[in-house]
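Letters go in sequence order (proteins before strands), and every chain restarts at 1. All heavy atoms count here, side chains included; hydrogens, waters and symmetry mates do not.
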Amino acid sequence: MSRTPLDTVEHAAATPDVELPWAELGLKKDEYERVVEILGRRPTGAELAMYSVMWSEHCSYKSSKVHLRQFGEKAPQSDALLVGIGENAGVVDVGQGYAVTFKVESHNHPSYVEPYQGAATGVGGIVRDIIAMGARPVAVVDPLRFGAADHPDTKRVLPGVVAGIGGYGNCLGLPNIGGEVVFDACYQGNPLVNAGAIGVMRHEDIHLAKASGAGNKVILYGARTGGDGIGGASILASETFDDAKPSKRPAVQVGDPFQEKLLIECTLEAFREKLVVGIQDLGAAGLSCATSELASNGSGGMTVTLDDVPLRDSTLSPEEILMSESQERMCAVVEPEKVDRFLEICEKWDVIATVIGEVTDGDRLEIFWHGGKIVDVDPRTVAHDGPVYERPYARPDWQDALQADDANKLPRPATSDELKDQVLKLVASPNQASKKWITQQYDHFVQGNTVLAQPEDSGMIRVDEESGLGVAIATDGNGRYAKLDPYTGAQLALAEAYRNVATTGARPLAVSDCLNFGSPEDPAVMWQFAEAVRGLADGCLQLGTPVTGGNVSLYNQTGEAAIHPTPVVAVLGVIDDVARRTPVAFQEEGQLIYLLGDTREEFGGSAWSQVVHDHLGGLPPKVDLERERLLGEILISASRDGMIDSAHDLSDGGLVQAVVESALLGGKGARLVVPDGLDAFTFLFSESAGRAVVAVPRSEEVRFNDMCGARGLPATRIGVVDGEGVEIQGEFTLSLAELRKAHEETVPALLA
Amino acid sequence: MARVVVDVMLKPEILDPQGQAVQRALPRLGFEGISDVRQGKRFELEVDGPVDEAALARIHDLAESFLANTVIEDFTVRVEEAAEVAEAAK
Amino acid sequence: MARVVVDVMLKPEILDPQGQAVQRALPRLGFEGISDVRQGKRFELEVDGPVDEAALARIHDLAESFLANTVIEDFTVRVEEAAEVAEAAK
Amino acid sequence: MTARIGVVTFPGSLDDRDTQRAIRLAGAEPVALWHKDKDLHQVDAVVLPGGFSYGDYLRAGAISRFSPVMESVIEQAKAGLPVLGICNGFQVLTEAHLLPGAMLGNDHLHFICRDQKLRVENAETAWTSDYRAGQEIHIPLKNMDGRYVADEYTLDKLEAEGRVVFRYLDLNPNGSLRDIAGITNEAGNVVGLMPHPEHAVEPLVGTGRTDGLPFFTSILKKLVNA
Ligand SMILES: Nc1ncnc2c1ncn2[C@@H]1O[C@H](COP(=O)(O)OP(=O)(O)O)[C@@H](O)[C@H]1O
Ligand SMILES: [Mg+2]
């Protein structure tokens, strides 16, 4: 009954005229011809399966590669970078012998189709990247974007996504310490589910994805392989290649966080005993990816016997096994004499582990099935020599009109009452409202090292109990800004994440990103992408924070309508002693509130323009990265030297949003005075970058002022922590109760 | 009043971690001879009025659009006989 | 090989928020006339060998001690007829 | 001499290391116990920690309850060994029938993580003697299946015998009957609760409160003075 004859390498060489379904597998004609050229013959079905998945946009970055190179070319000199772009995740030195690895990834499309499982397996995937570097995962973050808050489909997608992220992350024992929730009609049908993870290790524990040392064994461990996510390969599995019946294989995977938890513990135990030479997680493209990457990054070749792969479904064809995206699997390279011990540890944790192959001293990746050789390739050609596209890009013709539609000219509130109403409307708007209903579905406390979690400006984790060493992370992105100007928008995302980290007292060290865009085949989208990458690379160079890795998600669009260009940036920082961290909440009545930075009339892309006028136009706020750096230094010094007791960065919603949040969190009000030279409206709603509000104990005021003065950072005393409400002198007062109701009732009312 | 039962199970090709966990525990509990366990959901709907073709068709729609996600799950709809109900209540 | 189905439902006196959530959503989805919804679990056990009295008794024990927590749940055990299996597979 | 307190690790336990840290901070010696090992290694008390043992598949605690280590825990708990079940540990204790009732999914159907206010109702158990009866404390709560249920007779009996150890205040976070957050067995040596005292032992992390430390000092005093 099996297909005869098996499509071996030999058979392929002897039957050059057999037509393969390369187009159905997503390859272009020239790509297929390139495969034939590389092999010097037609590929076998199994080889075609491997090339097609590895050369897909998702795995090969073929549209984005030419731009992403800038992250390397423009990388700032940084002593902190231990492992850069190209590995599963970047690694940074955080001192005292510790290294930290972190990365953000997308799971957008699956989360739309099956919100719970799509989001859950997104968390699972990013966590395996972290383990694969040798680190213990210590926290996750989840930047999310959904369609309009009141759209019925948002009510289907959001609760499922949140439950999935929580369901998986909570079950793994990873505290969720930050993220974003943004609503915008542009994400309708294309929600963005990005997930990030951080891991901690000692320097000497860093592991890389490479197979070296002839004779070393390749061990596949974790879940059995099933027919998950292999739509295309089923065509190859069918009786004849042209009998392309509809796939019965699911496009969505179901995650098993329990299995992943066992995988973490057993991998870490194997690391502790120094049993692992190289390691790779199985994510997109499954075994095709793991074997070709391990082999091409190492010194030798590799042979794999596919018959030895433990299966969940015995009917799977070899092509399907190679393409399967079954979750919770890892691949380790282990010296022969250590194999027994490795298998023992797996057994201890009830994890299935099987030797499936061996490192050779050749340079080929050879895969066998039922005794026949079905793959014989140079692994580099699969893993690294995918096509590279110079896709055409062009500034869209509507960009000028969009920028000319100046938000600064929108009608402003005419009276104090109107101003007050707009403040209430702002803090109650879905994007500015409290996300507690969502974030309380995540465990913040597990592992016992969470110093800061949402709704703080950055999440912070203690790394060393003795010294108090800690790391902080913040993720930010603003698709509205990026739509108005993708170059500036990307830099604003970077600036905001950088500022968020510094606001909590940590020193920003490095960057990861997740670039969410529409179709690269649209020159306008490609221009947005190119501009955003250029902006981010330039910005990272200027701030001295290298990009250590990230992820690109394209084709986020429905028909002609692309999402707003949405570069999400994660900044990682370090703090020498977490006892010095600065929280958002006002701590003590009587403390002086200072506004740091310059406030200009900048309303393009602002929350105010969206909430009050449903408007998007003009230019986003100006970026001044030198100012961001200076602001960061002041915030870090002030925290270290105990000059401030709370701090909050200013971003969407402007000053009033920040002050309301600090007041509500601390349960203490604020009395504010509009500073000279500003009108109340601009003071409250402007979104000028490079700003923060801090609360200074009276005893520290002179010292703090001197420091800001000496370094040339504008610091304006704008009020005092006091009372039961937020008062803008001469304008209005809103009680904390009123503000709390407005801020906290919106999201539950929409979703609960 | 009648009871309609909707059973929702993960498709056979989809991983069922719950069922697997149950199955793996069986030997420890001294149960042998069970080669596979799948765990799904059972919904019992109490329907006012007669359960005619039309009503069943509507419940079928409900199952398809809401009770199950047909990307990963299969479902069946059936009317529970009064006898069965009595039996189950025992 | 035969299939034995164990249905586990919360006891009637125990609050079933999942069932209630489904029921509350029905009017929004345009479904009227369903007066109550309860959600439980369905286990499908593939049994090697014949499902005789003895085998069923053992599965009954399994359900009682493990698949259900009888402090809060009731259960039923039944052999699924081949016909039913075929029907469900459609 | 200090007390040795065992902390069981089941597959899927999450707060085991945190519990060990809390025991250490209280001045006792934590001893790691493994679910496949029946031997309790002569510990003076046992904590079943929080987490998702076996993924909480089937029902929270249902599979762990049948592990080898639980055979010994059940046997020795009946003979008076102090046992504390936190969250998943509490679920294991009810599944093992060392404590009456059962735990069900939260009535709002969501996982919930919050700083929870509680009242200590019984300060005489092995694990609560460093509290005062009536004392109000804040302990982090984080779970999916935290709804305590039992029949009326059992609930009345628990109340009458003073075996409700903690009650939720201000907000019942999961629909637990009679706001019950924690209970004890008749002898007072076995205590289970949903909130996580091990996450309230250091001022710098978690919620920044230390209201959970008395759990661990209570048992230490009892064991050392015994
Ligand atoms: N999906 C989420 N998961 C975890 N934390 C979140 C999520 N969404 C928002 N948060 C947290 O809520 C707080 C407020 O979010 P946001 O307003 O986006 O912060 P900021 O403007 O400072 O970047 C932050 O602490 C953020 O980490
Ligand atoms: Mg912030």
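- Across A:G255 and B:P17, no two heavy atoms sit closer than the pair O-CG, 3.7 Å.
- Applying the salt bridge (Lys or Arg N to Asp or Glu O under 4.0 Å) rule to A:D153 yields the partners A:R156; only residues at least two apart in sequence or on another chain are considered.
- Counting only heavy atoms from C-beta outward, the side chains of A:S326 and B:L15 never approach each other to under 4.5 Å.
- A heavy-atom distance below 4.5 Å is not found between the side chains of B:E73 and A:E114.
- When heavy atoms are compared at a cutoff of 4.5 Å, B:Q20 approaches chain A solely by way of its side chain, counted from C-beta outward.
- Listed by chain and residue number, nothing satisfies the ring-ring contact (aromatic ring centres under 6.0 Å, His included) test with A:Y187 (two or more places apart in sequence, or in another chain).
- For the set A:Q259, A:Q327, A:R312, A:Q117, the count of heavy-atom pairs under 4.5 angstrom toward chain B peaks at A:R312.
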